[in-house]
**Student:** 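A single structure is presented below for examination.
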Amino acid sequence: MTNPYPKLFEPLTINKTVLRNRIIMGSMHTGLEDRIWDTDKLAAYYAERARGGAGLIITGGIAPTRAGLLLPFGSKLTNKIDVIRHRRLTSAVHREGGKIAMQVLYAGRYGYTPLKFSVSWEKSPVHPFQPIKMNDALIRHAIWSYGRCAKLAKDAGYDGIEIMGGEGYLLNTFLCKRTNNRTDKWGGNTENRQRIVVEIAKEIRKKTGPDFMVIMRQSIADLVKDGQTWDEIASLARKLEAAGVDAINTDIGWHEAQVPTIVTSVPRGAFVTYTERLREEVSIPLIASNRINTPELGEEILEGGRVDAISMARPLLADPEFANKARAGRGDEINTCIACNQACLDHAFVGKKVSCLLNPRAGRETTLTLGPTRKAKRVAVVGAGPAGLSAAVAAAQRGHTVHLFEAGEQIGGQFSIAARIPGKEEFSETIRYYKRQLEVTRVQVHLNTRITADELIEQKFDDVVVATGVTPRMPNIPGIDHPKVLSYADAVLGRGEIGKTVAVIGAGGIGFDVSEFLTVDDSPALNIKEWNEEWGITDDLTVPGFVGRPRPTPATRKVYLVQRKPGRQGKTLGKTSGWVHRATVKMKGVEQISGATYDKVDDAGLHLSFDPKEEGGERITRILDVDTIVVCAGQESVRDLIDPLTVGGVNTHVIGGADVAAELDAKRAIRQGTEVAASIV
Ligand code: FAD
Ligand code: NAP
Ligand code: SF4
């Protein structure tokens, strides 16, 4: 079959290095970089992505000197002993026919270490430790160490390096007035602020010779107050080209930005126009990034001719075979990254090893293996939510004969409800992926089949996987069966009238999602212009950082979000996405009430009492005069099959929500599904 993405698979030459296609796996810190005993795991992780066809892999950030470490004892390349370790990574990738570049990252004030150096004494708002302001000697040492590091990277067999110049790390803080308040030759006017970056580029070129691939990860939209203007960004790009940089990988937003840049509610390709704009300034290859997760979108961007390659980090974590599948016309088999951050960035930011919600093998390539089984068995999987789907597909891939029983008329379980939330449209890609995988792996799917224990026993399966999931919990509140009360499932699936004023009981992940669902008609994730307005991203490129006043569309309903716990709501939401949900409900004027006791529901609405904001005040009783009450008070496991199956002597495995409902998410459901499939031998 002809390649459906001709542009994506056109080779690209950067300096003297020829990439087999234009899919670049962007840098992601996995946590495996930091410890010597994880080197083989990291090599296996990269090798799997090289085997999967990526044009170029860029490593997680590696410090050029101890002073630039991201973490205490974090990853670095500063001497010949480090070179030996890095060579194991480059060899693993080269053996698979891939190319690999190392990202050089000097953390600056974003280092999670008590001893760190930065452009000024100012602490970052998102990190605990105060940095030390670099003097002239330290700056010169940093420049020299970049050159040394790049030369060592060349010795270690890397095909090139990438200089991390964005996201608020050291170099970015020199570039912006926001952080650079220096009055010496490294601060003040634009030229002075850019000096360190340009000198580093020259130093690297000097130390590595003319043919070594040098890529700059340049911030082309800081999205913070007092960030760079477009003129400054353009002038830096021109200077970098002149200094010998071979390509610019464009970067968006600082970690401390109050504008989301990669979560699932950011529209696909939201920032491509910035990369395209840079085409006017330089002639070296330009790489677009952020929220590009399908080969179709990659092809469309390249077709415009202004961008030369696509950076996809998380999409290759989710599916290491992304490139091979796309090239073979099997794009519908790609496990599309849903930008949830739950197992990648949320892990990275709390010091846990990175993996993927959709692909629990990511980072565990050497320990979670799904090789062919020695003895094919007849396996029944009950429930086609994320847990059952992952178990069924993985077991069938291993050669088992799998029957999947689902009570509903379609697959997806609770995840199909999630996919209806504005900003979570990506979740339907996961259901599409599993639908296709069930066909590819020839799982026998029985929809509209609420299978019983007797039927399962009668059919004599070797193993039964119970993945019957959860049902919404209905709390014991007087009047909870009033017609104005709906479960979240009924509300989102349109199985009941929802009025103009609504109280949401329960402010967990689903309570927040449902509040967004209730206040929004058209999802801003589907409209870049509207989304930019919502978050205050301005078209005026003379505004430093391109952030202005947010102009959210008004809420379509009045919503009250209530929880029993006292204090701030949404504390359990994801580290990197929770703040976006909290900001969104605030933007939509959702009234949040914590510390509530639910007294009753009747025609007048929801009767509750709660403590006042000021300490020692009288408890407030209130009736929320609402048309509708939506209950998001957690879930309960569906476990009715387990005892009869066990008593019937069936080899039974219980996974996902059926196992434990508390703190259930799709990450655990899919992981347990994959692990159970790996264990059936
Ligand atoms: P379920 O999804 O409940 O699936 C169980 C399936 O079993 C159902 O399809 C059911 O019909 C079927 N079944 C039950 N009994 C039988 C039987 N006897 N015979 C046949 N079939 C049967 N998770 C995240 O990780 N991130 C999110 O951002 C996120 N957002 C969410 C937003 C919303 C609005 C909702 C509702 C959920 C969200 N979740 C999210 C949670 C996630 O969807 C669940 O954790 C996950 O679906 C649980 O998977 P499961 O397979 O264990 O169970
Ligand atoms: P949850 O986060 O545990 O929240 C349940 C809410 O219901 C809490 O606010 C709880 O708070 C309240 N509650 C519990 N029992 C109650 C009772 N008997 N009466 C009244 N209120 C009660 O669960 P969820 O919102 O149902 O989400 C389910 C899972 O899906 C979560 O584990 C979450 O990880 C996942 N999810 C994740 C995301 C995401 O963005 N990552 C989004 C949606 C869902 P009080 O006890 O204080 O009232
Ligand atoms: Fe993408 Fe979520 Fe997997 Fe991260 S955890 S790679 S965001 S699907």
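Counting starts at 1 for both ligands and their atoms, in listed order. Predicted, not measured: the structure shown is a model, and the values here were computed from it.
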**Student:** At under 4.0 Å between heavy atoms, which part of Ala666 makes contact with ligand 2: side chain, backbone, both or neither?
**Tutor:** neither
**Student:** Please state which protein non-hydrogen atom is closest to atom 39 (N) of ligand 1 and give its distance, to 0.1 Å?
**Tutor:**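 Nearest protein contact, heavy atoms only, for atom 39 (N) of ligand 1 is Ala418 CB, 4.7 Å.
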**Student:** Counting heavy atoms only, which of Ile670, Leu317, Ile338 is nearest atom 8 (S) of ligand 3?
**Tutor:** Ile338
**Student:** If we only consider heavy atoms of Pro386, is any one of them less than 4.0 Å away from an atom in ligand 1?
**Tutor:** yes
**Student:** From atom 10 (C) of ligand 2, work out which of His581, Glu636, Lys565 has a heavy atom at the shortest distance.
**Tutor:** Lys565
**Student:** Where on Phe512 is there a heavy atom closer than 4.0 Å to ligand 2, on the side chain, on the backbone, on both, or on neither?
**Tutor:** neither
**Student:** Record the part of Ile510 in heavy-atom contact with ligand 2 below 4.0 Å; permitted values are side chain, backbone, both and neither.
**Tutor:** both
**Student:** In the protein, what heavy atom is nearest to atom 16 (C) of ligand 1, and what distance, to one decimal place, separates them?
**Tutor:**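 Ranking protein heavy atoms by distance from atom 16 (C) of ligand 1, first comes Thr468 CG2, 3.6 Å.
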**Student:** Does Asp513 approach ligand 1 within less than 4.0 angstrom via side chain, backbone, both or neither, non-hydrogen atoms only?
**Tutor:**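 Near ligand 1, Asp513 shows its side chain, while the N, CA, C and O stay back.
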**Student:** Is ligand 2 under 4.0 Å from a heavy atom in the side chain of Leu664, in the backbone, in both, or in neither?
**Tutor:**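 The answer is the backbone of Leu664.
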**Student:** In the protein, which heavy atom is nearest to atom 16 (C) of ligand 2, and how far is it?
**Tutor:** Arg564 NH2, 3.1 Å
**Student:** Has Cys337 got an N/O/S atom less than 2.8 Å from atom 3 (Fe) of ligand 3?
**Tutor:**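 Not a single backbone or side-chain N, O or S atom of Cys337 is under 2.8 Å from atom 3 (Fe) of ligand 3.
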**Student:** Closest by any non-hydrogen atom to atom 38 (C) of ligand 2: pick that one out of Lys424, Arg473, Lys571.
**Tutor:** Lys424
**Student:** Quick check: Leu357 and ligand 1, any N/O pair under 3.5 Å apart?
**Tutor:**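 No, there is no polar N/O contact under 3.5 Å.
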**Student:** Of the side chain and backbone of Arg668, name the one, both, or neither that has a heavy atom under 4.0 Å from an atom of ligand 1.
**Tutor:** neither
**Student:** Going by heavy-atom distance to atom 37 (C) of ligand 2, choose the closest among Gly509, Pro566, Gly595.
**Tutor:** Gly509
**Student:** Looking at ligand 2, does any of its N/O atoms fall within less than 3.5 Å of an N/O of Ala507?
**Tutor:**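 There is such a contact, yes.
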**Student:** For ligand 3, which part of Ala339 has a heavy atom less than 4.0 Å away: the side chain, the backbone, both, or neither?
**Tutor:** backbone
**Student:** Going by a strict under-4.0 Å cutoff (protein heavy atoms only), does atom 3 (O) of ligand 2 have a neighbour on the protein?
**Tutor:** no
**Student:** Picking from Val266, Val580, Leu223, what satisfies side-chain contact (heavy atoms from CB on, under 4.5 Å) with Trp535?
**Tutor:** Val580
